[in-house]
Amino acid sequence: RNFALEFGRKNGEGVVVGLHPGTVATNLSSEFAGAVSHDVFTPAQSAAYLLDVLDGLTAADTGKVFDWKGEAVPP
């Protein structure tokens with residue numbers, strides 16, 4: 001959040017956000033991916049979702065965190 005504020009002072013149109021990719025089928029998630037009740041995405045699926053989220057953001061969104069669906073994650 002601090003970086004987003006500082007970046008915005010120098011570039012008012014810039015957007016700095018955090019992104020949550022969901023559960024992605026990687027070595028990192030392999031131990032628990034079978035226990036989740038929601039979808040597990042391939043890396044390509046997750047990247048595509050995150051790119052869609054980024055395409056819809058504006059400078060007003062800077063400093064926030066969004067999940068793969070484009071929903072803001074509460075602080």
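Just so you know, these numbers come straight off a predicted model, no measurement behind them.
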Going by atom type alone, with no hydrogens or angles, which donor-acceptor pairs under 3.5 Å involve a side-chain atom of residues 59-67 and a protein atom two or more places apart or on another chain?
unit_1	atom_1	unit_2	atom_2	d
Asp61	OD2	Thr58	N	2.9
Thr62	OG1	Val16	N	2.9
Thr62	OG1	Val16	O	3.3
Asp67	OD1	Lys69	N	2.9
Asp67	OD1	Gly70	N	3.1
Asp67	OD1	Glu71	N	2.9

Asp39 side, atom CG; Trp68 side, atom CH2 - distance, nearest 0.5 Å: 6.5 Å
Residue pairs, two or more places apart or on separate chains, that pass salt bridge (charged side-chain N to carboxylate O under 4.0 Å, His left out) and touch residues 8-20: Glu6-Arg9
Side-chain donor/acceptor pairs under 3.5 Å, residues 44-56, sequence neighbours excluded:
unit_1	atom_1	unit_2	atom_2	d
Gln45	OE1	Thr42	N	2.7
Gln45	OE1	Thr42	OG1	3.4
Ser46	OG	Pro21	O	3.0

